[in-house]
**Q** 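So that we are looking at the same thing, I have put the structure below in structure tokens.
Just so you know, these numbers use all the heavy atoms, side chains as well, and skip hydrogens, waters and symmetry mates.
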Amino acid sequence: MSESRLRPVDLARGQGLSTQAIRNYEEAGILPPADRTPSGYRVYTGLHVMALRAFAALAPGHGHQTATAIMRAVNEDAVEVALAIVDDSHLQLRDDRRTLTAVEQALRDLAGTEPVVSRAAGAFVGPLARQLGVKPATLRKWEQAGVVRPRRDPSTGYRVYSPADVRDARLAHQLRRGGYLLDQIAPLLDRVRTAGGVAPLEAMLEDWHDRLTGRARAMLSGAAELDAYLRERTGTRSPGGRG
């Protein structure tokens, strides 16, 4: 397949891209370097077609930046580096699944209960930030967005987070790890507070499950195209297969 000779426009049309995008992809290392004609024009081959297909398949599951890093490593013959990047991306997906499980557990713990709000004791911004693994400035940003609503100690002016505030902060932290924006989280937590239940989050959790499943399926598709590209580059069979 790699013996065919293609112009940039031929390669671009095959994937619905512009010729500038093809040049950008080559400069980024997504595509291997093109040969040049005596007059300096780029000439691509079927190998470039496979590289482009591999990148297009990898991006939905791994993201554009990670997919670029994978392809760049492959095209530099650093296959082990590329596979390590793939491994890390799969680990991130696993962690995201665990995050979703933690959110669901937090909501189950919350359902049907009303936390006791103590006016005598609470957490300050520094200790709470350390518990969550975020910066105090992050909690202040969440407060500005309406995600958390700590009271102020009348004598010191310090922010004091009640048990309910701590719960909301923990839930917001998990949702942020799941990829949700503050302007999506704030109204949901407000509805949870008002309704006294977690039903408003059910649609979000279902969507979160669907997105994780979609990423996992996309990773499978990306792996198949990447394996095909690797076999074409090296002229080898897929391990354990007939290739």
Side-chain angles (χ1 to χ4, degrees), residues 1-2 11-18 21-22 24-25 28-32 46-76 78-108 171-181 184-185 188 198-234 236-243:
M1 182 178 181
S2 59
L11 188 59
R13 285 174 180 168
Q15 293 294 324
L17 299 171
S18 67
I22 296 299
N24 292 343
Y25 282 2
I30 294 169
L31 300 177
L47 184 65
H48 293 89
V49 174
M50 297 186 73
L52 200 54
R53 287 176 179 169
F55 175 74
L58 288 166
H62 298 274
H64 189 281
Q65 183 176 353
T66 300
T68 298
I70 294 168
M71 294 302 298
R72 184 186 301 119
V74 169
N75 291 326
E76 292 174 354
V79 176
E80 289 190 3
V81 172
L83 296 180
I85 296 171
V86 171
D87 291 343
D88 289 343
S89 193
H90 280 279
L91 287 174
Q92 182 60 59
L93 178 61
R94 184 198 64 182
D95 289 345
D96 289 345
R97 289 191 185 280
R98 289 177 174 175
T99 296
L100 175 54
T101 299
V103 169
E104 291 176 322
Q105 183 60 54
L107 292 176
R108 283 193 292 269
L171 186 54
H173 182 51
Q174 299 285 22
L175 292 171
R176 286 289 290 148
R177 288 187 60 192
Y180 290 93
L181 304 176
Q184 295 174 305
I185 297 170
L188 284 166
V198 298
L201 293 178
E202 290 178 357
M204 174 179 279
L205 293 175
E206 183 176 353
D207 173 68
W208 194 346
H209 274 289
D210 290 344
R211 288 191 292 113
L212 290 180
T213 298
R215 278 173 58 194
R217 292 290 300 272
M219 284 181 174
L220 289 176
S221 298
E225 292 291 347
L226 180 61
D227 180 62
Y229 178 56
L230 285 169
R231 285 187 283 119
E232 182 69 13
R233 273 185 64 87
T234 61
T236 60
R237 296 187 301 174
S238 178
R242 297 181 182 274

**Q** Would you name the heavy atoms of Leu31 and Leu52 that are closest together and state the gap between them?
**A** CD2-N, 3.8 Å
**Q** Using the test ring pair (Phe, Tyr, Trp, His ring centres under 6.0 Å), find all partners of His209 that sit at least two apart in sequence or belong to another chain.
**A** none
**Q** Please examine the side chains of Val86 and Met219, heavy atoms only from C-beta on, and report whether any two atoms are closer than 4.5 Å.
**A** no
**Q** Atom CG in Leu226, atom NE2 in His62: separation rounded to 0.5 Å?
**A** 8.0 Å
**Q** Of all the heavy-atom pairs spanning His48 and Pro32, show the shortest one and how long it is.
**A** NE2-O, 3.1 Å
**Q** Please enumerate all residues that pass side-chain hydrogen bond (donor to acceptor under 3.5 Å, both in side chains) together with Tyr180, with sequence neighbours excluded.
**A** Asp207, Arg211
**Q** Which pairs count as salt bridge (Lys or Arg N to Asp or Glu O under 4.0 Å) when at least one residue sits in residues 79-98, sequence neighbours excluded?
**A** Asp96-Arg215
**Q** CZ/Arg53 to CD/Gln15 distance, rounded to the nearest 0.5 angstrom?
**A** 6.5 Å
**Q** For residues Glu225 and Leu58, determine if any side-chain heavy atom of one lies less than 4.5 Å from a side-chain heavy atom of the other.
**A** no
**Q** Listed by chain and number, what are the side-chain hydrogen bond (donor to acceptor under 3.5 Å, both in side chains) partners of Thr66, not counting sequence neighbours?
**A** none
**Q** Taking all non-hydrogen atoms of both residues into account, name the closest pair between Ala82 and Ile70 and its distance.
**A** CB-O, 3.6 Å
**Q** Quick one, Thr234 with Val79, criterion side chain to side chain contact (heavy atoms under 4.5 Å, CB included). Give me CA distance, side-chain angles, the key distance, then yes/no.
**A** CA-CA 11 Å; Thr234 61; Val79 176; 5.7 Å; no
**Q** I need the Asn24 CG to Leu17 CG distance, nearest 0.5 Å.
**A** 10.0 Å
**Q** Considering non-hydrogen atoms only, spot the tightest contact between Pro60 and Ala56 and give its length.
**A** CD-O, 3.0 Å
**Q** Give the minimum heavy-atom separation between Ile185 and Leu175, together with the two atoms involved.
**A** CD1-CB, 3.7 Å
**Q** Report yes if some heavy atom in the side chain of Leu181 is under 4.5 Å from a heavy atom in the side chain of Arg176; otherwise report no.
**A** yes
**Q** Met71 and Ile30: which non-hydrogen atoms are nearest, and at how many Å?
**A** CE-O, 3.5 Å
**Q** Going by the rule side-chain hydrogen bond (donor to acceptor under 3.5 Å, both in side chains), which residues pair with His173 if we only count those two or more places apart in sequence or in a different chain?
**A** none
**Q** To the nearest 0.5 angstrom, please state how far the OG1 atom of Thr213 sits from the CG atom of Leu93.
**A** 9.0 Å
**Q** Not counting sequence neighbours, which residues clear ring pair (Phe, Tyr, Trp, His ring centres under 6.0 Å) with Phe55? List them please.
**A** Tyr25, His64
